[in-house]
Amino acid sequence: MLQMIRRYERRRRFWRRVRVGGPTECWPWLGRTNGNGEGVHDGRTAHEYAYQLAGRPLPSGASLEHRCGNSWCVNPHHLELREHRT
Ligand SMILES: [Zn+2]
């Protein structure tokens with residue numbers, strides 16, 4: 001139970017910093033950003049965080065690409081998984 005509340009709190013703290021729009025719109029990150037203009041949250045990029053909060057797995061070594069081209073966008077629908085193979 002306590003863990004559920006903590007998880008809910010974490011999500012709430014995250015989405016509070018996002019201007020959530022419609023599914024096809026860009027969702028601007030309103031919090032801190034890094035040098036690339038990407039959102040930063042809890043030591044990670046905000047779009048990675050949003051992607052995982054949306055219930056999608058992010059394998060290690062993979063990265064996310066913005067299909068909309070806006071690095072500040074955290075709409076999970078605009079993110080595409082890129083697996084890096086060496
Ligand atoms: Zn977008």
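Every number for a ligand or one of its atoms is a count from 1 in the order of the listing.
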Taking His78 for its side chain and Thr24 for its backbone only, find out whether a donor-acceptor pair lies under 3.5 Å.
-> yes
Hey, does the side chain of Asn75 reach the backbone of His77 with a donor-acceptor pair shorter than 3.5 angstrom?
-> yes
Could I get the full list of side chain to side chain contact (heavy atoms under 4.5 Å, CB included) partners for [X], not counting sequence neighbours?
X: Pro59; answer: Ala62, Leu81, Glu83
X: Arg12; answer: Tyr8, Glu9, Arg16
X: Arg32; answer: Val40

For the Zn ion (ligand 1), count the protein N, O or S atoms found under 2.8 Å away.
-> 4
Arg19 vs Leu30 side-chain heavy atoms within contact, under 4.5 Å = yes
